[in-house]
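Here's the structure we're looking at; comments come further down.
Index from 1, following the sequence.
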Amino acid sequence: MVKKITDTPGSLLVPDLNIGRQNWDAPEHLALGQLQMASLFPTVALETATAAHQLPIAPRDLEVPKMQFPDPLKPGVKLAGEDFLNRRLFNDALIVFGEGGVLHESYRNGMQSEDRHVIHSCTKSLCSMLVAMAVEEGKMVRQVTIESYIPALAEIPAWRGVTLQQVLDMQAGIEYSEDYTDPDAHYWRYARAAGYYPPLPGEQVLGIKGWMLNNLTERAAKPGSAFSYNSCLTNILGMALESVYGTGLAELFEEKLYSRVGAETSAYFNTDRYGFPIAEGQLNLRLRDFTRVALLLLHGGRNLVGEQVLPAAFIRRLTDVDKSAQRAYQAGVSDGLFSQAQYKEQYWVLDPQRQQFAMLGIHGQFAWFDLERQLLIVGVGSFPAQDGKLMMATLSALWQTVAASL
């Protein structure tokens, strides 16, 4: 049963240092802010329904802190693992799952195993799991227009003809900017409406649904022609899920997904002021429970006791080479690091031929999969910038070095 944890959030985390809602994500505050989202947002708890499923332990310990990693800032130079994790990735916690069990688990930067860390846009990938379930149950169809599930969108011409699949793949063609370096980007106005930051003087706090229906009203490209990252599209998926099931999104996350993975403890889901879960980025999990959810994808949709939770066909869809998705991705992103990448189903499919894909969130949150090696690497972090080439190069160095060691 979903429980309310925080109804009226506060504005300060550390009054003496003036750390709070207005600056929780300043680089020097991230190590605290990302563990304290329930103090800044209205928050509900998703409960687990069973005793925790034990994470199996691999027969050997992979000593990641003692490994050597290429330094992304100094080509040709190697860094010891602990320095790499601390000073390049700004990692808060890391699990490597391979060879049938946990090969490595570590915590740093003040995070403890009992802490819940916000996983930011990795939440998008979990929301997509619910859509996959709805499709399997016949409640949603990928090629049906999204306005069929959200009648309010039918009143906005820019949304006409946009399919569910195009929303999943972020090819909706809706005018929107998520450039974190541009203070005038749509994202910042959306973020204030959702409750990430206090509103500007005179700014009306519409909440997520109100803001989207009032601001996502123009078309920038033909639907399906180009990838354009738009966090609001995941909230659109959340609205569609509520419509087809006739129940709240938090309840759906708990009933259909989180209660079935054998988590150690509850997950915290931050909402806007009107109670709508921030589906694009505000689920907070212990690292081990994040790993339990991610393992569904490594294990063909089954949880740790063998129960089928996620459709196995959904996982196959992710790693199928999709030339159309690759063209759309490259049309929207000039990506020299992952030249074969495609964005599918709210996942970054970085190398489909090698069955490597990831959930990714700002500031260094990730779950990276190599299905051929049956390898999963899960991490949460406090990288100073939201994203960028350096962060991705650092993550890639971590993933590929660990994979090569196995």
Compute the centroid of each ring, for [X] and then for [Y], and state whether the two points are separated by less than 6.0 Å.
X    : Y    : result
F357 : W348 : no
H363 : F383 : no
W368 : F97  : no
F253 : Y258 : no

Quick one: does any side-chain atom of [X] pair with a main-chain N or O of [Y] as donor and acceptor, under 3.5 Å?
X    : Y    : answer
T163 : Q166 : yes
R273 : G207 : no
D289 : R286 : no
T43  : Y268 : no

For the CG atom of L295 and the OG1 atom of T291, what is their distance to the nearest 0.5 Å?
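Interatomic distance, L295 CG to T291 OG1, rounded to 0.5 Å: 6.5 Å.
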At what distance, to the nearest 0.5 angstrom, does OH of Y245 lie from OG1 of T247?
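Here the rounded value is 11.0 Å.
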Consider side chain to side chain contact (heavy atoms under 4.5 Å, CB included). Of [options], which one does [X] pass it with?
X    : options                : result
Q386 : T181, D179, I362       : I362
F314 : V135, L296, L297       : L297
V162 : I236, T145, V167, L153 : V167

Whether R192 and E203 form a salt bridge (side-chain N of Lys/Arg under 4.0 Å from carboxylate O of Asp/Glu) is what I want to check.
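The answer is yes: the pair qualifies as a salt bridge.
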With a 4.0 Å cut-off, would you call E264 and R292 a salt bridge?
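So E264 pairs with R292 through a salt bridge.
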Run the numbers on L12 and R21 for side-chain contact (heavy atoms from CB on, under 4.5 Å), then give the verdict.
CA-CA 6 Å; L12 289 174; R21 193 158 160 245; over 6 Å; no
Going by the angle between their ring planes, with limits at 30° and 60°, are Y196 and F41 parallel, tilted or perpendicular?
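Judged by the thresholds at 30° and 60°, the geometry between Y196 and F41 is perpendicular.
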Parallel, tilted or perpendicular: ring planes of W211 versus Y190, cut at 30 and 60 degrees:
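Plane angle over 60°, so perpendicular.
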Surrounding CD of E372 (heavy atoms of other residues, nucleotides or ligands, distance under 6.0 Å), is the total greater than 12?
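More than 12 within 6.0 Å, yes.
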Looking at R160, I want to see if its CZ is surrounded by more than 12 non-hydrogen atoms of other residues, nucleotides or ligands under 6.0 Å.
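Atom CZ in R160 is packed in, count exceeds 12.
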Derivation of the salt bridge (charged side-chain N to carboxylate O under 4.0 Å, His left out) call for E82 and R87
CA-CA 8 Å; E82 195 62 24; R87 302 300 302 162; over 6 Å; no
Intermediate values then yes/no, side chain to side chain donor-acceptor pair (under 3.5 Å), N270 and Q282:
CA-CA 5 Å; N270 306 128; Q282 286 299 120; 2.8 Å; yes
